[in-house]
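Structure record follows, encoded as structure tokens.
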Number of protein chains: 2
Amino acid sequence: MKNMLKKHKSSCLKTTTARKDSSKQILMAAENIFAERGYRGSTISAIADAVGLPKANILYYFKTKEKLYKEVIKHLLTLWMQHMNEMTPEIHPRDALPKYIMNKVRQSQKHPNASRIFAAEVLHGAKYLRQSLQAELREQFEGTSIVFRAWQNKGWIDPINPEHLIFMLWSSTQAYADHELQISILMGKEQLEEDDFSEGIKLITQVILKGIGVK
Amino acid sequence: MKNMLKKHKSSCLKTTTARKDSSKQILMAAENIFAERGYRGSTISAIADAVGLPKANILYYFKTKEKLYKEVIKHLLTLWMQHMNEMTPEIHPRDALPKYIMNKVRQSQKHPNASRIFAAEVLHGAKYLRQSLQAELREQFEGTSIVFRAWQNKGWIDPINPEHLIFMLWSSTQAYADHELQISILMGKEQLEEDDFSEGIKLITQVILKGIGVK
DNA sequence: GTCTATAAGCTGATAGAC
DNA sequence: GTCTATCAGCTTATAGAC
């Protein structure tokens, strides 16, 4: 487990499997390691081993560990926010909200690392997030608040606090990635199954829609 | 900031302020450091400095860093679960749920560290939690599921999935501690104010009660 | 019980051969 | 561009004086 197979020295320009750019492979491996162990718990060696490269190569592509981490975060935030734009003032919440909730939970299912790294970052002060991406996140947040307010004005939903509704949506959907382990322990399973995700989607949709008075 | 004042050598048996047991002081300091920096990011030196003691003393009281962490976790889980017991099959959800939601958010407000350490632990695989406390957590979880099922049978709430409702309650209330920083950034504040907590309580209560059909 | 000094090991990062 | 070797610094934990 410690000494990995050292692949191709200088003798490879086109290996059998389509050779992806090392940079991309490193990013993918880093995403996994960071998600599992957190920033400080992750070591450059571990990432190097996962890709099958020497440590020095990682630092050749990404000058420092911190810069590598920022690159990972940047990519993940895009994923994390992508479905929010699909809610607009024109679309009725009875259509828009179930779709958003489904997409968000499904994303937690498919890309749990994205959600986990993001959650860990927030949990420990959003240090890197704040520097570079605060603006984009906030813009998204305010855009969605405006959508919810528009729905209220049209009488499509009850008068509720739009900002806090966003928090409730985020936290309840994201839980299926962040707390997957907690949930699976409590449900007595090794890991969450398809049914658990679809049950979660069903419950959240049911409670939110009825709870804010969508007819 | 680095060299702290070295207090009392051998010349103190009863100092001015009531001298708490070092052990307790260490636990409190450790709670803060672990919450801010995570397990791996926290160093024994940092904890020692926070209490004003040399590193060796921390390891005198708690044999290893890991054992100290486990002690902290153990204490926090008690806090984290304490309000769930107050929901029983006899009490109507219109009284029990608002009270639980309020207590849970208020606890996030008063003891954000408890929630944060707990969340970080879960996020990174619940390694320590699983070893020692899985049983207690699960017992609590199953107890509450039974309560929700009883409410359903009495027709007090809609037929919903009790387990997933618990997740929704946990995640939406805990967000006010876990994501305090995210929330305050998005709301354009340095930190959350009293109004934000009470608005959050109001919204969650409103949406959950109406959402599961409590009359 | 409390402290100083130090061991033993791992980490991020660099230098320099190929 | 890719790799090996190594440095300098920090970490947990221990040994042993007081």
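As the structure is a prediction and not an experimental result, all values here were calculated from the model. Each chain gets a letter, A, B and so on, in the order its sequence line appears, and its residues count up from 1.
Taking the six-membered ring for Trp and the full ring otherwise, the centers of B:His164 and A:Tyr176 sit less than 6.0 Å from each other. The aromatic ring centres of B:Tyr69 and B:Phe62 sit 6.0 Å or more apart.
Contact annotation: A:Tyr61 does not reach the phosphate of D:dG1 (side-chain N/O to OP1 or OP2, under 4.0 Å). The side chain of A:Tyr60 contributes no N or O atom lying less than 4.0 Å from OP1 or OP2 of C:dA13.
DNA chain C is contacted by both A:Thr43 and A:Ala56; A:Thr43 maps to the nucleotide lying nearer its 5′ end (nearest heavy atom per residue).
For the pair B:Lys110 and B:Phe197, the cation-pi criterion (under 6.0 Å, within 45° of the ring axis) is not fulfilled.
Rounded to an integer number of Å, the gap from CG of B:Leu53 to C1' of C:dG1 is 11 Å. Regarding B:Leu68, its CG atom lies at a distance of 10 Å from the P atom of D:dA13, rounded to whole Å. Counting to the nearest Å, the P atom of C:dG1 and the CD atom of B:Gln25 are 15 Å from each other. Separating the CZ atom of B:Arg37 from the P atom of D:dT12 is a distance of 11 Å, rounded to the nearest angstrom. A:Arg40 places its CZ atom 9 Å from the P atom of D:dT11, with the value rounded to the nearest Å.
Nearest nucleotide to the side chain of B:Lys55, out of D:dT6, D:dA13, C:dC3: D:dA13. For B:Pro54, the listed nucleotide lying nearest its side chain is C:dC3; candidates were C:dC3, C:dA13, D:dA13. Comparing C:dT2, D:dA13, D:dG1 by their closest approach to the side chain of B:Asn57 singles out C:dT2. Listed candidates were D:dT2, D:dT12, D:dC3. Nearest to the side chain of B:Ile44 is D:dT12.
In this structure, A:Leu59 reaches the bases: a heavy-atom distance under 4.0 Å links it to at least one base atom across the strands shown. Across all strands shown, A:Phe62 has no heavy atoms under 4.0 Å from either base or sugar-phosphate atoms.
Look at B:Lys202 and B:Glu199 and you find a salt bridge, because one of the NZ, NE, NH1 or NH2 atoms lies within 4.0 Å of a carboxylate O, short of that distance. A salt bridge is defined here as a Lys NZ or Arg NE, NH1 or NH2 lying under 4.0 Å from an Asp or Glu carboxylate O, and A:Asp49 with A:Lys55 fails to meet this definition.
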